[in-house]
Each structure stands twice: as C-alpha cells, then as structure tokens.
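The next block holds one structure in the form of structure tokens; read it before the comments.
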Amino acid sequence: MILKFQLLVFGVTIVPILSIASDHDSAMVISTTTSQPRQDGKESEDVYPLPTVPQIYEVRIRSNISNRFAHTVVVSKMKNYARTAKEVRFSMLLPESAFISGFIMEVGGVNYTATVKEKKEAQSIYNKAVASGDAAAHVAVSARDSSRFTVSANVKPEEKAAFYLTYEEFLVRRNDHYEQIINIHPGQPVKNLLVEVVISESRKITHLKAPPLRSGNEIGSDKLELDPRADISIVNDTAATVTFNPNVERQKALAHIFGTKVENGLVGQFVVQYDVERDPQGGEVLVQDGYFVHYFAPTDLQPLPKQVIFILDTSGSMRGQKIQQLKEAMYKILDQLHERDLFNLVEFNSNARVVDLDNEANSVWYPRREVHSTETHPAQNAPDLQNVAFPRAYFVNDSNIEAAKKAVSKLLIDGSTVTCSAIKVGLRLAEVERTNPQDSVERQPIIIFLTDGRPTDPASTNVITQVTEYNSDLKHSVIFALGFGGDVDMEFLQKLAQKNSGYAKPIYVAADTSLQLQDFYRQISSPLLANVSFRYEPSVTSLTRTEFPIHFGGSELVVAGFCGDALPSVTIDGIGVRGRTTLKPTVTRTISNMERLWAYLNIKQLLENKDVSENETSVLKEKALDLALKYSFVTPVSSLVVVKPNDTSAVDMEQVKQKEYGTRPLYSPMRGRARSKARTHSVLTQQSELNRLLSILPWLRGLLSGESVKLPQGTYKLGINETIIDIITCPKTPLNEEGYCRLLKSCPGVDVLLKSSSDFYDHFCVLKNEFAGVCCPRN
C-alpha cells in the first residue's frame, strides 16, 4: 500500500471560516494530481471517462452539546475512481476555542488512530522514524494559531479513505445566547451531506433557531435566501435536535448565493443559537462525580451606571479607510450610550488630546498642546498628570452626543503611536470623576483603547508595567484593547488588557469594520455587577478563577472545581446598582461529564495566565501539559507527530506561514518572537490491533472465531479495522456507572478491569447490531 501523510495544523483568530480562492484554501478539500496520460500519447478510449478527482460521497458532522459543552465529530468519506493513485486531503477549520481530542484515518481498510504523548516521547518517536527511513511528519502548533487541521494521504485506484476528527469546545454566552458554529466546505458537492446538532441542557431551552448561513468573513444582515431550512425537533423542554441536510442542488444554489464556484460545493457556516432559562439570582451549579461547574448569569439586575472613556488612535497609519471606518463606528456607538452614563473622548498620536465638547479650542493636549509636535518622544518631559486640568466627562444627552459626533468627524491624522501616556490620561479621567464630590453615583469606569500600530514609546517594553501599576494605584478601571488591521501588535494588546481585567480583540479592516466595533461595544454596554467574588467553602478545591472585576449583561461567568462527595456551598458577592449584593445559586446533580469540562476550562485559564505571567510561565505550562495529557486534549501547547512504517522518505513540517484571505489577514499574535516549544504530542501509528488485544486480554483467545467472538448472546465481530463513532449509552461500566458502548480496541484502560470472559459478559453491549462492544467509562 502506498500512503503519504501530511499533517498541517494552523489557525485563525477571526471567525474561523474563509472564502475559497482555490482548492488549496478550502477546508475538507480533496486535492489530487491530474490523471496520467497514456505512454503512447493517445487519449483514453473509454466512452465514459473515470473521474480524475476522488469523490466525497459522505460528510457527516454531529455535535452533541451537553450543558454548553460541545463534542463534535466530523466524518468525511471518499473513493478514488481513477486508474492511478491519487492524493486526497482532509482539512477542517475549527473554532478558535476548540481543542482536538481525537483523530482516526482509514485508508484501504487500515485504521490509524491518534493517541496523546508527551513532547520528548513524541519527538523521540519522530527522530527514530526518520533515522530508520520511515515516513514521518512533525507539526508544531503555536499558542494562538491552531485552528486548521489538514491531513493528506495517497489512495490507490478503487480504494476508499475515511477521516474522523473530534474536537471539543465550551460555548461562551454573548448577546444573550449561545452559538454553535460549524464550518462546512467539502470542496465539491456531496451526495450525502448531513449536519446534526443535538442539545441536552439541565434547564429549559429557549430562543432556539438556525439563522441564515454565514460566509464567516463579514458581519452583516441575515440573508433570507441563505435560510438553511433546518429541521428543528423539540424532544422535550431541555433537549432538541437541529438537522441540516441539503441535497446536491441546494448545495450548488447556496454556493452561487455566496458567490463561490458551484463546482466547489457549499462554502459556509451552519449556525445554531439558543439560550436556557436562568436562575434569576445566583445561577446554577451542576455536580457530577465530585466535579462541578457553576454558571452565573442573573436576569433581574439593573445595569450599573458607567463612565466610558474612548481612546482613539489618530497616528499616521490610520490614514484613509481606517479613520473613516472608525468615525462611522463611533457615530453608531455614541448612539448606544445610556442616559445615566458619562463619557470622554481622547485621541492620541505623538500626544494625547482630551476633547472639550463645549469648545474644541479648549481641548487639552498631553504632554504638549501642539498637534504637530516636532519632538520624537514628548512624554519624556511630561508634567505630572495630577497637575493637568483636563475637560470633565460629559453626561449622555442629545446635545452632547451631537457635539461628540461633530468632534469625531473632525479627527485628523498625524504623528506616531505613543501609547503609555494616552492610557494614563484615560485612567486619570476616570479618577477625576470617581473623586467628584458633586456626583454621588458610583460609576464603573471602562476604557476602550483602539490602535492600529505598535507602541513607539521610548521604553515600549515598559508600557504594560507602567499602565498596570498606575491603574492599581487608583480604583481599578477595566481596559479593553482593540487591534485595528494586520500590523497591530496583538500580543502586546492582549497582555495589556488582561493585566487590567479586560481583553483584547482584533478588528479586521474590511467592509464590516464598523459593524465589528459596534458588536464589540454591544457586549460590554451593560455592566451588571462590579467586583464579583465566588466564595466556596474550604473543602472545595481545584477551582478555576473566582474573582471577576465586572459582569456584563448578556454574558455568563463560569467557575469550575472539585467538591468531592458533598454538594458545594457557595455565595456570590458583588456591587450592583443598589450597593453590595449577595446571591445564592441552585445546586443540582447531573449526568453530564463535569470533570472533562472542568479540565477544559482549567487548561484554557492556565494558558491565559501563562501568557501574562512574568515569573511562573514554566509552572503554568507544566500544569496545562499535565491536564492535556490526562484528558487527551491537543491544546495550543501541542504538536502532532505522524509515523508510517515501511517507506523511505521523511518530512519535518513546522509552523505554517501566515496567509491572507481576501481582506482578512490571519493574524498571529506570536509573530515576531520565539514561540513556546513545550507541547503535548499526538502520535499516529499502525499496529496489529488483534495481537494487542490478545496480549492484554488473554482470555479473549478462547472466544475467538477468526476476527469475531462467540458469546452467549451470539457471534459478533470485534471490528478490528472499523471506526464506530455512534454515541450509544449503556447502563453499567466496570466502574459501576453509566457509560458509552465502544469497541474493545476503543476503550483504553478498561482491560485491567476485564480479568475474565465473565467480566466481559457483564459489561457487553452491541454496536450496529453486529459488533461486540464493552460499556466504556465516559472519560
């Protein structure tokens, strides 16, 4: 058998689907060499020429969502009808937050299954494979750039290939709903294309819908002609299934609407949105096997009054389309401010200017008054901020909003990007209003910092430290950083924002730039609680983050931990519109796998903390690695190694270079610096499954009949070369709990519990009416 393996793993930080410019850029694509001409130079005499491109005859995507945690399996099956071997390529774009948790490839009836290994062990396997002449591939996955998964293999004539990719993600609540986005673009129309989203929640499902398909490249109004015509089946109050099953003609019609080539098939995102009924107070705590997850999104709290400080980059690089789009977005955002709010406008380039809406001539520049400063670094001799009389914040009313729009329309482009002093000015403006004796209202200060460049401060490496220390000396303000365009230093912005209780978000220069900015502001427009603290009893351990500076309406705070046999006791404290508030949640048991969700959330948090930590990066990295190994997650600290025996070539493939698709660049926040090299590893190997099973289950030999087993219930196949991904529950695993029915080869670790054939009989189950399975623990 001739096999060629290629694994490419890279990713994006935008909505993870891109327009197809060519087969190379598409996901789940079949790419092949052209058919070989006859040696005599004559054309083939076949009346019906065979396809030169392997045909995908089935694509199935099934996403099981249980309490906001989605487990998605992508299956792609194809056949080579040509007379020569062809290269097939399976590629999938994953959500940015997803972790790959499984991969299986079948070529010519042979099964290659992925397992997770530690870095040094996987690197050793790779090196040995290369030294012995085996084909191998090693792909590094960067911390922020790991959303595309691609595998290639050569398939012989009349041979089939199948790919099974599993990934998991936690659905984050935004704008009052959860959203599951599934990327579909197989590269050609598919006879059997099926997408299923199965939702099972602990509370009543609300607002369930499948909106029009999206391109994924731009935010825009829903087009009715892109209605997926999905079948929404309500099982009961807490369970539903959404099915998308377009035939070939519908796939072509949708491709035409999207403006892509019809022969490439459907290119789009299938989206399912829903929410659940809320506990109006302290949220809901779900407990299973000693682990719990606490979901907190109260419904009966009034928004806090706030002070919004806009710090807008007007440096030279914002010239042209960027500044125009910024102005358009600000016009819309200003209209969204609440009546009780205060706001400030600050522009910055080489200097910062606090705008006086009553008389623009009285606007104050810091540290210099001149717009066209001739000093390269004017902040070096800057006066003390405490001694500068800046214009005060303005109440939201019609006249002030109109004046602000007029001021925005007059913004001019000039100078460089001096960051530190501009943000400090914003923090000082928050302090002035906080200490205003004439205003008794407690307001939440929110700083929105937008820039398209890299800091040009004389000590730019010190900006984050200076800003964070200055912010800590005051009553803490939340800083959100928006990176405008492809040249921005997103790593710097991410660390700056996280150190100051916010987050950074890339804004892409495209037709929808204004909509991107408006959508961001909508998510932070309604703070409900400040200084939120989750307080658990001392017996609760292994907690994720429990302190949050602010909670916004439409979102959700999530805490996970270990409570053992007892139900956790918890109170939530925060400052609301009526002062300090204490809330209590509802605590219930569930059958969902809370431990796996706890591990996922823990890894995410450890990696985020590692990115902003100054001293404990190695410790945090090691903890994330240990969890990734234990729970088989391929994380941003992971790499994949592929080894195929009996060949003579070797390939070592590192990080895929950044590419641009249309107007949206794939930004890499790790760009320009050495990437972290500590990783988990996944190794694909081919081995004799039957011999392996017999070596660890010696009693199995007495039941064998070829590759089947004779049992009291009848004769069943072992499924040595089968891949069965159906989720079938069974009542009793060897651990005396409910589990999933799996093939023996697909339940690693259970062998030590099956000491005899009698043990197997006790936990036997049937798959597809013909395969012998065992009730396997869910984890």
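Quick caveat, the model's predicted, so the values are computed rather than measured.
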Exercise. Is the gap between the ring centers of F292 and Y536 under 6.0 Å?
Worked result: yes

Problem set entry | Centroid separation Y503 to F480 less than 6.0 Å | yes

Problem set entry | Between Y600 and F69, ring centroids under 6.0 Å | yes

For this session: Nearest 0.5 Å please: distance from the CZ atom of R353 over to the CZ atom of F348.
Result: 14.0 Å

Exercise. Run the side-chain contact (heavy atoms from CB on, under 4.5 Å) check on M594 and N67 step by step: do they pass?
Worked result: CA-CA 9 Å; M594 292 294 104; N67 294 316; 4.2 Å; yes

Problem set entry | Under-4.0 Å salt bridge between E433 and R392 | yes

Exercise. Is any side-chain heavy atom of H338 less than 4.5 Å from a side-chain heavy atom of K306?
Worked result: yes

Problem set entry | Side chain D611, main chain E608, donor-acceptor under 3.5 Å | no

Exercise. Any side-chain heavy-atom pair from S477 and R434 closer than 4.5 angstrom?
Worked result: yes

Exercise. Looking at T419, T451, N349, which one forms a side chain to side chain donor-acceptor pair (under 3.5 Å) with D313?
Worked result: T451

For this session: Answer yes or no: does atom CG of D300 have more than 12 heavy-atom neighbours from other residues, nucleotides or ligands under 6.0 Å?
Result: yes

Exercise. Are there more than 12 heavy atoms of other residues, nucleotides or ligands under 6.0 Å from atom NZ of K406?
Worked result: no

Exercise. Crowded around K327 NZ? As in, over 12 foreign heavy atoms under 6.0 Å?
Worked result: yes

Exercise. Checking ring-ring contact (aromatic ring centres under 6.0 Å, His included) for the pair F296/F534: CA distance, chi angles, key distance, verdict?
Worked result: CA-CA 10 Å; F296 178 74; F534 291 73; 5.5 Å; yes

Exercise. Side chains of Y274 and V242: does their closest heavy-atom pair fall under 4.5 Å?
Worked result: no

Problem set entry | Charged tip of K505 within 45° of F520 ring normal and under 6.0 Å | no

Exercise. Any ion pair linking R203 and D237 (charged N to carboxylate O, less than 4.0 Å)?
Worked result: no

